[in-house]
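The block underneath contains the structure these notes are about, expressed in structure tokens.
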Amino acid sequence: MWTAVLIFIVLPVALIMLAFKLKPLVDTDQTRGDALGGMRAAGGLFGSHGLAPDERSVREDTERVRLNLDQVKARE
């Protein structure tokens, strides 16, 4: 009984308290505005260009896709 209390209650609480006391080995990232880290991931994959992100995004002008199904035969 006491072993279960030690393993499932005391030990997790002690480890959580210890985690708050420890100093992180690496400084935390102080950048703002990229909550999911998309720019950081893209920089790692494609190389960082050092440019600031666009202030507003502009939709690309593309033509609408026309789907012509006239020559497709109906199922029998």
Side-chain angles (χ1 to χ4, degrees):
M1 164 82 178
W2 286 108
T3 305
V5 170
L6 283 174
I7 291 174
F8 294 108
I9 296 175
V10 176
L11 183 63
V13 170
L15 290 175
I16 291 170
M17 289 173 45
L18 180 66
F20 282 111
K21 299 286 184 188
L22 290 177
K23 181 183 175 194
L25 297 175
V26 180
D27 290 336
T28 57
D29 189 13
Q30 299 297 330
T31 58
R32 299 276 187 245
D34 191 14
L36 298 177
M39 291 297 294
R40 181 164 256 201
L45 287 173
F46 304 112
S48 178
H49 49 68
L51 300 174
D54 294 337
E55 293 180 8
R56 65 180 177 90
S57 59
V58 178
R59 186 179 169 125
E60 186 176 336
D61 293 331
T62 57
E63 295 180 14
R64 185 172 210 154
V65 176
R66 305 239 182 243
L67 193 59
N68 187 1
L69 299 176
D70 293 338
Q71 296 182 8
V72 176
K73 296 179 182 177
R75 288 188 179 182
E76 296 177 3

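Along the sequence shown, residues carry numbers from 1.
- Separation of atoms CG (L6) and CE (M1) is listed at 10.5 Å; rounding is to 0.5 Å.
- Under the rule for a side-chain contact (heavy atoms from CB on, under 4.5 Å), the partners of L69 that lie at least two apart in sequence or sit in another chain are L67, V72.
- The distance from the OG1 atom of T3 to the CZ atom of F8 is 10.5 Å, given to the nearest 0.5 Å.
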